[in-house]
Amino acid sequence: MSTRGTVTAFSPFDARADAEALRKAMKGMGTDEDTILKILTSRNNAQRQEIASAFKTLFGRDLVDDLKSELTGKFETLMVSLMRPTYIFDAHALKHAIKGAGTNEKVLTEILASRTPAEVRNIKQVYLQEYEANLEDKITGETSGYFQRMLVVLLQANRDPDGRVDEGLVEQDAQVLFRAGELKWGTDEEKFITILGTRSVSHLRRVFDKYMTISGFQIEETIDRETSGDLEKLLLAVVKCIRSVPAYFAETLYYSMKGAGTDDDTLIRVMVSRSEIDLLDIRQEFRKNFAKSLHQMIQKDTSGDYRKALLLLCGGDDE
């Protein structure tokens, strides 16, 4: 698999040596955070799982439990996130987004708007296996209205595959969206949901161009004007991901750090989940769209071991 990630398999890799170094870093008085963060950010997820297994073999101890008891705060959250097996990462994030008081719509939106149909099918399967619950039922139980309907459409993971684009259908969809939004008193949300939730990526990119020609507006401007709340955020996220997933994540990272306070949960989730997929592309989009590098913004916005680890995950500085 060709990767545009910043984290790749480390070579020469020795799981036992890493496990021993981590045990030494956490044994006795004080903790050697530097060793921990250097090892965990420079090994890929598959290698981290091997280290955890070697750790248990050698010491009869659980590496994640040890990290939790030795580390604290955001740094702990980041290290524990790096240890979470890739296959369960999204299902785990969704489970925590819909558990307890209040639903974290931001997480539902980010994951379901940005993952491919194959990834969504996999998430549903893992959710069922690991949590013995149906993800769609859980989500519909916690959401409502058109926001819920759009999430359900995305959960079906039935977006048309990319193929030859039919210009006649492109024109038709653009007209339908124009009539459903700008030309109508009130908005026909269902048309937006069906078209944005089921057409292929290449088709929708053409629809957005055609929409601009017909209406004089970017589709984002219309969604912004015609819808609101969670539905608006979800439709915008879907449109942005159709245009460019790396650009969507660059913007997500930017707003997680912009202004007062940092949304560390989002920062950690995106940095960890994209580190082996497209973080290099995200960095490129970040530099292009925000006139500074991702590296510079993390540097400015975070501190301590947490910052050190994030910068190592980020990789280079795109001056």
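Predicted, not measured: the structure shown is a model, and the values here were computed from it.
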Do E285 and I282 have side chains that approach each other closer than 4.5 Å (heavy atoms only, starting at C-beta)? no

Would you verify whether the NZ or CZ of R206 falls within 45 degrees of the ring axis of Y211 while also being under 6.0 Å from that six-membered ring's centre? no

Less than 4.0 angstrom from a charged side-chain N to a carboxylate O is my criterion; do D32 and K24 meet it? no

Search all heavy atoms of L310 against all heavy atoms of M271 and return the closest pair with its distance. O-CE, 3.7 Å

Pair E130, Y87 - check side chain to side chain donor-acceptor pair (under 3.5 Å), show working. CA-CA 11 Å; E130 297 288 328; Y87 81 91; 3.1 Å; yes

Considering only NZ, NE, NH1 and NH2 on the basic side and carboxylate oxygens on the acidic side, decide whether R23 and E20 come within less than 4.0 Å. no

Taking the side chain as everything from C-beta on, heavy atoms only, tell me whether T116 gets closer than 4.5 Å to E119. yes

Answer yes or no: is there a donor N or O on one side and an acceptor on the other, between the side chain of R159 and the main chain of L196, under 3.5 Å? yes

Measure from the side-chain N and O atoms of Q148 to the backbone N and O of T143, and report whether any donor-acceptor pair falls under 3.5 Å. yes

Does N289 form a side-chain contact (heavy atoms from CB on, under 4.5 Å) with E251? I'd like the steps, not just the answer. CA-CA 8 Å; N289 299 331; E251 187 179 316; over 6 Å; no

Using 30° and 60° as the class boundaries, would you call the ring planes of Y254 and F290 parallel, tilted or perpendicular? parallel

Under 3.5 Å donor-acceptor, T3 side chain and G5 backbone: yes

Can you confirm if the NZ or CZ of K240 lies within 45° of the ring axis of Y248 and under 6.0 Å from the centre of its six-membered ring? no

Say you draw a straight line from CG of L67 to CG of L40; how long is it, rounded to the nearest 0.5 Å? 6.0 Å

Provide the closest heavy-atom pair for I219 versus F208 in the form atom of the first, atom of the second, distance. CG2-CD2, 3.8 Å

Between R61 and D65, is there a salt bridge with N-O shorter than 4.0 Å? no

Would you say L294 and M257 make side-chain contact, with heavy atoms under 4.5 Å? yes

Using 30° and 60° as the class boundaries, would you call the ring planes of H92 and H96 parallel, tilted or perpendicular? tilted

Can you tell me if E190 has over 12 outside heavy atoms packed within less than 6.0 Å of its CD? no

Would you say that L151 contacts F147 through its side chain, given a criterion of any heavy-atom pair below 4.5 Å between the two side chains? yes

Determine whether a donor-acceptor pair (N or O, by modelled atom type, separation under 3.5 Å) exists between the side chain of S215 and the backbone of F217. yes

For L279, is there any backbone N or O sitting under 3.5 Å from a side-chain donor or acceptor partner on R4? no

Flag, side chain of R121 to backbone of A157, donor-acceptor distance under 3.5 Å: yes

I223 versus F192: any side-chain heavy-atom pair under 4.5 Å? yes

Just by distance, with hydrogens left out, do Q296 and S293 show a side-chain donor and acceptor under 3.5 Å apart? yes

Going through the checks in order, is the salt bridge (charged side-chain N to carboxylate O under 4.0 Å, His left out) test met by D263 and K106? CA-CA 11 Å; D263 175 356; K106 186 186 255 181; 2.7 Å; yes

Decide, yes or no, whether a salt bridge links D281 with R274 under the criterion of side-chain N to carboxylate O below 4.0 Å. no

S256 side chain vs L253 backbone, donor-acceptor pair below 3.5 Å: yes

Would you name the heavy atoms of K138 and A133 that are closest together and state the gap between them? CE-CB, 3.7 Å

To the nearest 0.5 Å, how far apart are NZ in K68 and CG in L63? 11.0 Å

Between L37 and F75, is a side-chain contact (heavy atoms from CB on, under 4.5 Å) present by the stated rule, with each step listed? CA-CA 9 Å; L37 70 87; F75 179 56; 3.8 Å; yes

Show the nearest heavy-atom pair for residues N45 and P85, with the distance to one decimal. OD1-CA, 3.5 Å

Can you check whether E110's main-chain N or O pairs, donor with acceptor, with S114's side chain at less than 3.5 Å? yes

Rounding to 0.5 Å, atoms CZ (R205) and CG (D162) come to a distance of 7.5 Å

With a 3.5 Å cut-off and no angle check, do the side chains of D173 and H203 form a donor-acceptor pair? yes

Where the side chain of D224 meets the backbone of E220, is there a donor-acceptor pair that is under 3.5 Å apart? no

Find the distance between NZ (K74) and OG1 (T262) and round it off to the nearest 0.5 Å. 6.5 Å

Quick one: which of T103, L112, V152 gives a side chain to side chain contact (heavy atoms under 4.5 Å, CB included) with I139? L112

First locate atom CG of N104, then atom CG of D265, and finally report the distance between them rounded to the nearest 0.5 Å. 7.5 Å

So that I can tick it off, tell me whether K210 and E171 are bridged by a salt bridge, with the cut-off set at under 4.0 angstrom between side-chain N and carboxylate O. yes

Side-chain donor-acceptor pairs of residues 76-84 under 3.5 Å, sequence neighbours excluded:
unit_1	atom_1	unit_2	atom_2	d
T77	OG1	G73	O	3.2
S81	OG	T77	O	2.8

Would you confirm whether R283, through its side chain, and C314, through its main-chain N or O, come within 3.5 Å as a donor-acceptor pair? yes

Kindly check if the number of other-residue, nucleotide or ligand heavy atoms within 6.0 Å of NZ (K124) is above 12? yes

Could you check whether R149 makes a cation-pi contact with Y146, meaning its NZ or CZ is under 6.0 Å from the centre of the six-membered ring and within 45° of the ring axis? yes

Quick one: pull up CG in D301 and OG in S303 and give me the separation to the nearest 0.5 Å. 9.5 Å

